[in-house]
Each structure stands twice: as structure tokens, then as C-alpha cells.
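Because the structure is predicted, anything quoted here is derived from the model rather than measured.
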Amino acid sequence: MTAQLVNPSVLRITELDREPERDQVGGKAWSLWRMSDLGLRVPPAFVVTTASCAEYFANGRTLSDELFTEIVDGIAYLEERTGRTFGRGDHPLLVSVRSGAAVSMPGMMDTILNLGVNAETERALAEETSHPDFAADVHRRFAALYGKLVAGCVEDLEELPDTESVVTAIADETGEVIPVDSITALRKAVAAVFDSSQSRRAKAYRAHYGIPDDIGTAVTIQAMVFGNLDDNSGTGVLFTRNPLTGERDPYGEYLPRGQGEDVVSGRVTPRPLAWLAENGPELHAELISASELLDREGKDAQDIEFTVQHGVLYLLQSRPAKRTAQAAVRVAATLVNENVIDEATACARVTAEQVRHLLRPTIDTEAVDGQQPLATGVSASPGYAVGLAVLTAEEAQEHPGSILVRESTSPEDVHGMIAASAVVTENGGATSHAAVVSRALDTPCVVGCGAGTVAALAGRKITVDATGARIFDGEIGSRAVSVDDDEDLAALAEWAARLAPVRTAAPGELDGDIFDADAAMARSGAETVQIREGTKTVSGAYFDTDAGVAAALDAGVETIVTSNPLPVLLAAVAHRKADK
């Protein structure tokens, strides 16, 4: 049966016969449609659109009865597709309730897993699977997520041993009882996911990246598959190209008997993909085949979430991968060489700010001079930083440029990660929350440094060599990086020079009338300058910024004098594209 639009608010996303609008369904649901359309195995799902989120807030944070009726109809569709019954019966259906905005914001909004489990369905799952421990684990996990995300518990419920302890803790702290009726719980969960689009962390992330604050989120409701079912189950994340270096080499992690947020939470350190290749070669081969298809169809490096349930692979999401500046340049150049994208697209995919980050100084290996590091771990986002080691996101905000050191990070730490010059964690792997967010921020990050790291580094001035995954006591010097040191940067500079609507010149290269922004700003005390009409050549630090480049182009400037031409050229390319 080919499903069409249920109504403008709810779409059966895994059976649509046409491409949905990403702004309507969010990136996560759009990727489910794409994977389904490519014939890949995806658990059935429907999506509540971003328009419904706007309606929810317009109605005073209230789900209308009309919308919820459509959501319940969507549950009936999942029951039909899976042959299971939601929250009841011998073969119960459990669902995930997942956020997903049109613009990817990893970890910034909430997801609730295993909704539909209660005492009755726990017993049914235990009997159906012959794994009572699994059924109990599913119930405990749902209760903990419900308590945190719906009831608003502050206590770390994930650390409690069983469902009874979690339920008691929720009641003691909030007075709330988890509804036995799964339909009631579903209504509360959808509202909580909508609310998470206006959380502190989501707002901080949008502000940092200049994302509009009113984009809201879609809510994807999907049949659960269980990576925590048995020894032949697990969950993982795969990048089709290395997100640190950009090399075309599958990169990721797999956690046997894991579920959902286990990998990205950083609470545990998963196994490398090589473990899956060794212990499940057929599964690994199927995963790699799917990843190559998604990379090819997406024309970009992909970040893929997957679950294995009793030996069967399910794909849950595919999106353009968050990557370091180095990887952004490498992937763009490689895709041009593979004839996948053109030079203009490559220049559009690398920002001026990414190149500025890439050209930051790196640790001077000669200055290390045999000094032993205080800690070592896994490089999650390369780079170099020196600063005071602080232990909370609030301290990082109070001391900009400090190093945030944590056992693991969570979405609640994002404001501190934005303020910090580097991030170091005791736990987690290269696809943990700390790693993914740091790569998105292009902040140096070392993860998995081991127990005791927080205590060892607290209050010290330290040097983080995130490229080498080392942390040293005190300050170690740096060395400069040049575009000429990297063939991909050199190629990008050549393409950008041809495409940019302005040319660059080195200091001292030109004679004649050159407008000097530094001198003008020193005289006026202003943070911007007024460019005289008819000015053709400008110089000064202001014109090394995106705002300065835009001002120069708008004033008809033809040449910008700079010692760092590539970021200027890329900013000019981006400004011309934005004007079209």
C-alpha cells in the first residue's frame, strides 16, 4: 500500500511516494524517507510536522485534540505495519518519540525511547523474547527518560538499578506518576519534545550558529528496534568518511547490547567498527554497502545511526556529518576529484571561519621536548589550546578560553563547550556527545582519558594537543600553519580565487590609493568603517572578517589587501551566493 499525506500535520514518512519538504518534516524524518526510498531497512515511522510545533506554541503549549487524533491514527498505522499492539497485548509495540529540526542540531533536543512499556508489556516482552532481563532493562530505561524529559527530574535516574527505584525517585522529586496508559504517555512525550526545541541548550546552539530561533522541531514516532535484546544485538554510529581527517575510510563505533543514547551519551566507551567486522562480518558488509550508497546518493560524508536486533540491521538516520575544518576541506576536495561535486559547491561547503580555525597554530612538537603528558585519550576533534582546567559549563562561561574537563558531557553542557577553548573527558568514544559537538564547534577535544583525569587536571593551567590526544602540564608553545602546507587548501584557494567577486593582494604588493581600515577605526574609535564611494582597494584587519568582506563587496571594492587570502575569498564567494 502506498501511503499519502495523512493530513498537513502528520505524514507516514517511511511510505511516502514523493520527497517531503525538509522544512516540514525535519532532517531526521527526511533521512528516513530517503533511506526507505533507496530500499534500505528502516523501522516504520510517521512524523508530526514543524507546522504542528508552531501551532503547539501558538496554542499556549497545548496539543490540540484534532492533532492528537491524527497522531493516534499514526500509531494504528505502525500497529498495522508491525503486527503489534501499542502498549498492550502479547506482542506489544513500543515506539521512540524523536525530535528533528530542519537544521541538524545533534543532541540539542530530546528523544524518548521505549514508550509503550508498562508492567503488562514488560511481562509480554519477557515471555515473547525469553529474556526477562531485557524486558526489565527496557522498562527501566523508559522510566528514566520519562522522569527526566517529561516529569523534569534533576536526579540522575540512569544510575538507578531498576524501574521501581526510578519510579520512586520521580514521585519523591516531582510527585508525578508515569501513566500506565501508553496513549496518555504519548501525548505528554510529544509535548515534551516540542518543548525541548526552546530549551536553554537548543537556544544557545542556535544563537552560536546563527540559526533562526523559531524553526521549532518535527517529532518522528517510530517503531522500536532493540539493540539491547541479546548478544546478537547492538547499536552504533558510522561516518562514511573520517570526520577528523576527511579520509574516505569508514569510521565509527559499535556497542553490543546497547540502545539509543548509550553511544552518544559518553557514559560508556564502545568498540571500534573493526570489532563488528571481526565478530559479525556479514552484518558489517551490509552496513558498509548501505553507507556507500548513502554517501554516493547524498554527495557528502554521512553520519549514520544504526541498530542491530537479533542479527538484523536497521538504519535509523543518515545526515551530513559534522566534521572538523580539516575534514571539511579534505572531503570537499576529494568530492571534486571524484567528480561528485563541482568547484563552486566545494567552496560553498567550506566556510571562511573553518579555514581560519584550520590555520590556527598547532603544538610545537620540539617544545614538548620529552615532557610526559598528564593524560592521554582519543582525538575527537584536533587542535591546540592552552587554558585553565575547569569542571563545569558555568565555570567555562565565567572563564572564556578555559578548558572544560568532565567525566562526560551532555546537552546541558553546550553553553560551556561554546565558551571553552578545548574539551577533555574521562569517558566516551569518538562518536560521543563531547566528540560530535566539539567537531561541530571546531573545538579541540580529547575523550576517553580514563578515570581520575578530572581530579588530575582540575585547577591546572594545561596545554591540550587534541591532534595527538595528549594533555600537558603548563603552557607549551605553538607553531604556525600555512595554506601552502596542505595540497587540499592550496586547491581550494585556487578555486576560490577564480570564483570570488574580488581579488586579493599581499601587503606591500600594490601602490597607489589604498583605504586603510585600521587607521580609520583608530581615529574614529568605531568597530566598523565607512568606505568612501569609488574606493577600489582596501586593507586592514576589518577586511579579514566576514562582515568586512561583505561591506567591501557592497561598496564595490575590487581588491582586498590581506596576508591571509583564502578566508577572504571564501567569505566573498559566500556573500555573492547569499545575494543571489
Side-chain angles (χ1 to χ4, degrees), residues 20-31 47-58 61 98-111 192-220 243 264 298 300-303 305 317-325 327-328 345 348-357 381 393 396-397 409-420 423 433-443 545-547 549-550 570-571 573-575 577-580:
E21 294 182 11
R22 190 186 294 263
D23 287 350
Q24 181 185 28
V25 303
K28 189 170 296 178
W30 186 92
S31 81
V47 61
V48 187
T49 64
T50 53
S52 301
C53 182
E55 176 189 311
Y56 169 79
F57 286 107
R61 299 192 178 218
R98 309 176 74 195
S99 60
V103 179
S104 178
M105 298 189 291
M108 295 305 105
M109 295 180 292
D110 292 338
T111 287
V193 173
F194 278 155
D195 285 336
S196 72
S197 70
Q198 293 300 314
S199 65
R200 174 185 179 183
R201 62 182 184 268
K203 288 183 174 181
Y205 189 94
R206 288 193 294 266
H208 181 77
Y209 285 104
I211 300 169
D213 209 31
D214 60 354
I215 63 171
T217 184
V219 177
T220 299
V264 297
D300 200 0
Q302 297 293 304
D303 169 1
E305 295 178 16
Q317 182 168 332
S318 177
R319 61 189 172 190
K322 300 297 183 185
R323 64 203 74 176
T324 64
T345 302
R349 286 189 180 175
V350 180
T351 68
E353 190 61 24
Q354 283 176 315
V355 172
R356 294 186 192 106
H357 276 285
S381 182
Q397 276 197 314
T409 66
S410 77
E412 303 302 329
D413 296 315
V414 166
H415 58 292
M417 297 175 74
I418 290 171
V423 175
H433 175 271
V436 171
V437 173
S438 292
R439 283 195 290 271
L441 297 171
D442 231 321
T443 297
T545 68
D546 290 2
V549 171
L570 289 174
V573 170
H575 184 66
K577 183 178 180 181
D579 275 350
K580 288 185 176 179

- request: Indicate yes or no: does Asp303 engage Lys322 in a salt bridge with an N to O separation below 4.0 Å.
  value: no
- prompt: Would you call Arg201 and Asp110 a salt bridge, taking side-chain N to carboxylate O under 4.0 Å as the test?
  reply: yes
task: Any chance you could lay out the side chain to side chain contact (heavy atoms under 4.5 Å, CB included) test for Val573 and Lys577, step after step, and finish with the verdict?
output: CA-CA 6 Å; Val573 170; Lys577 183 178 180 181; 5.6 Å; no
Residue pair Leu441, Ile418: steps toward the side chain to side chain contact (heavy atoms under 4.5 Å, CB included) verdict: CA-CA 7 Å; Leu441 297 171; Ile418 290 171; 4.0 Å; yes
Which atom pair, heavy atoms only, marks the closest approach of [X] to [Y]?
| X | Y | value |
| --- | --- | --- |
| His415 | Ala204 | CB-CB, 4.5 Å |
| Arg323 | Ala328 | CD-CA, 3.6 Å |
| Ala396 | Ala420 | CB-CB, 4.5 Å |
| Asp442 | Thr324 | OD2-C, 3.9 Å |
| Ala29 | Val25 | CB-O, 3.3 Å |
| Thr217 | Gly100 | OG1-N, 2.8 Å |

task: Quick one: do Val414 and Lys203 satisfy side chain to side chain contact (heavy atoms under 4.5 Å, CB included)? Show the steps, please.
output: CA-CA 10 Å; Val414 166; Lys203 288 183 174 181; over 6 Å; no
What distance separates [X] [atom1] from [Y] [atom2], expressed to the nearest 0.5 Å?
| X | Y | atom1 | atom2 | result |
| --- | --- | --- | --- | --- |
| Ser104 | Tyr205 | OG | OH | 6.0 Å |
| Thr111 | Lys28 | OG1 | NZ | 4.5 Å |
| Asp214 | Gln198 | CG | CD | 8.5 Å |
| Asp413 | His433 | CG | NE2 | 7.0 Å |
| Leu570 | Asp546 | CG | CG | 9.5 Å |
| Ile215 | Thr50 | CD1 | OG1 | 9.0 Å |

I want to check something: taking the side chain as every heavy atom from C-beta on, are [X] and [Y] in contact at a cut-off of under 4.5 Å?
| X | Y | result |
| --- | --- | --- |
| Thr409 | Val437 | no |
| Val103 | Tyr209 | no |
| Arg200 | Glu412 | no |

Is [X] reaching over with its side chain to a backbone N or O of [Y], donor-acceptor style, under 3.5 angstrom?
| X | Y | answer |
| --- | --- | --- |
| Thr351 | Gln354 | yes |
| Ser438 | Ala435 | no |
| Ser318 | Ser31 | no |

query: Could you go step by step and tell me if Asp195 and Arg61 meet the side chain to side chain contact (heavy atoms under 4.5 Å, CB included) rule?
result: CA-CA 8 Å; Asp195 285 336; Arg61 299 192 178 218; 3.1 Å; yes
